[in-house]
Amino acid sequence: MKNLKGTFVAFLLGITGLFAQLPDPGFTVNSRTAIVITDPQNDFLSPDGVTWGVVGESVKANNTVENLEALFKVAKEKGMKVFVSPHYYYEHDHDWKIEGALEALMHKINMFDRKGELTTEGFEKSGADWLERYKKYIDGDNVVITSPHKVYGPESNDLSLQLRKMGYENIILAGMSANLCTESHMRDLVEEGFRVSVVKDATAGAILPGMNAYEAAVVNFQMIASHVYTTDEIVKEVKAANIKAKK
């Protein structure tokens, strides 16, 4: 019995040791690499946004706004493709009868609301609009704006289609918010067969009593992504990479 107990303890210690040393598959930036940014919008990133009261602390701690701009900037300098996956809700989306907790909250506070798919009336400077400092980059010819995702992941938009049609297989992922749209995009893209890295300080999450959504997301980034970068690290790699812009 003692021998069995000792063997079991040794087994547990061995398993714990293995998981404490997660492998890092690594990530290479090349001409088949694109940047994907989720929800670079006012409702997440502006002090006037409807979620600032819960995400603002994390956004400021990570320098998320500045770090996302650094990604847009280096991509423009290198002619690297950026895919922006936005979150919009139209009037008909408020008729949903099946909702999760945060979906219900987002609809209640009119987060990401737009008048309709075929109009930009009221869009400028609204919560659904881009953060002002990003507009000069998002208007560039190296940026693709996908159709909107409707819950958290890209299953309901054309992100994967656009990436595959343009020949990309390696993804540098950033944006808002860490444990929701960013993590959901990571999971779906991995399931779709893309190689995904995450820029951990170019995102942020809600901080509530007893709940730090950002910290929860970083754990999953480390377990699921091919590599986790800081903004400084990935900017250096992109600058050094031999990237030939796709026409």
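As the structure is a computational prediction, the values presented were derived from the model and not from experiment.
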Which word best sums up how the rings of Trp96 and His107 line up, parallel for under 30°, tilted for 30 to 60°, or perpendicular for over 60°? perpendicular

Basic-acidic side-chain contact under 4.0 Å: Arg164, Glu169: no

So do the side chains of Asp201 and Asn63 get within less than 4.5 Å of each other, counting heavy atoms only? no

Answer yes or no: is there a side-chain heavy-atom contact under 4.5 Å between Ile145 and Trp130? yes

Between Tyr168 and Phe83, is the ring centre distance below 6.0 Å? yes

Under 3.5 Å, is there a donor-acceptor pair between the His87 and Asp43 side chains? no

Do Asn30 and Asn170 have side-chain N/O donor and acceptor atoms under 3.5 Å apart? yes

Using a strict threshold of under 4.0 Å (side-chain N to carboxylate O), is an ion pair present between Glu69 and Lys73? no

Report yes or no: is the cationic atom of Arg114 (NZ for Lys, CZ for Arg) under 6.0 Å from the centre of the six-membered ring of Tyr90, at an angle within 45° of the ring normal? no

Counting distance only, does the side-chain N/O of Ser58 pair as donor-acceptor with the main-chain N or O of Gly205 below 3.5 Å? yes

CG (Asp139) with more than 12 external heavy atoms under 6.0 Å: yes

Hey, is the main chain of Cys181 close enough, under 3.5 Å, to the side chain of Ser184 for a donor-acceptor pair? no

How are the rings of His227 and Tyr229 set relative to one another: parallel (under 30°), tilted (30 to 60°) or perpendicular (over 60°)? perpendicular

Connected via hydrophobic side-chain network under 4.5 Å: Tyr88 and Leu118: no

Side chains of Asp158 and Gln162, donor plus acceptor under 3.5 Å: yes

Are Glu124 and Lys135 close enough for a salt bridge, meaning some N to O gap below 4.0 Å? yes

For Asp188 and Pro154, the nearest pair of non-hydrogen atoms, with its separation, is OD2-CG, 3.4 Å

Report the C-alpha distance between Glu132 and Lys125 in whole Å, list the side-chain angles of each, state the deciding distance to 0.1 Å, and finish with yes or no for salt bridge (charged side-chain N to carboxylate O under 4.0 Å, His left out). CA-CA 8 Å; Glu132 191 66 31; Lys125 300 186 185 303; 3.7 Å; yes

Listed by chain and number, what are the salt bridge (Lys or Arg N to Asp or Glu O under 4.0 Å) partners of Glu121, not counting sequence neighbours? none

Is a donor on one side and an acceptor on the other found under 3.5 Å between the side chain of Lys78 and the backbone of Ala241? yes

Ser85 and side chain to side chain donor-acceptor pair (under 3.5 Å): which single residue from Thr182, Asp39, Asn157, Thr38 fits? Asn157

Counting C-beta onward and ignoring hydrogens, is there a side-chain heavy-atom pair between Glu191 and Met186 closer than 4.5 Å? no

Asp129 vs Gln41 side-chain heavy atoms within contact, under 4.5 Å: no

Taking the ring of Phe72 and the ring of Tyr134, is the distance between their centroids below 6.0 Å? yes

Find out whether Thr33 and Ile172 are in side-chain contact, i.e. whether some heavy atom of one side chain is under 4.5 Å from a heavy atom of the other. yes

Do Thr230 side-chain atoms and Glu233 backbone N/O form a donor-acceptor pair below 3.5 Å? yes

Answer yes or no: are there more than 12 heavy-atom neighbours, outside Glu237 itself, under 6.0 Å from its atom CD? yes

Are the side chains of Thr64 and Leu45 in touch, meaning some heavy atoms are under 4.5 Å apart? yes

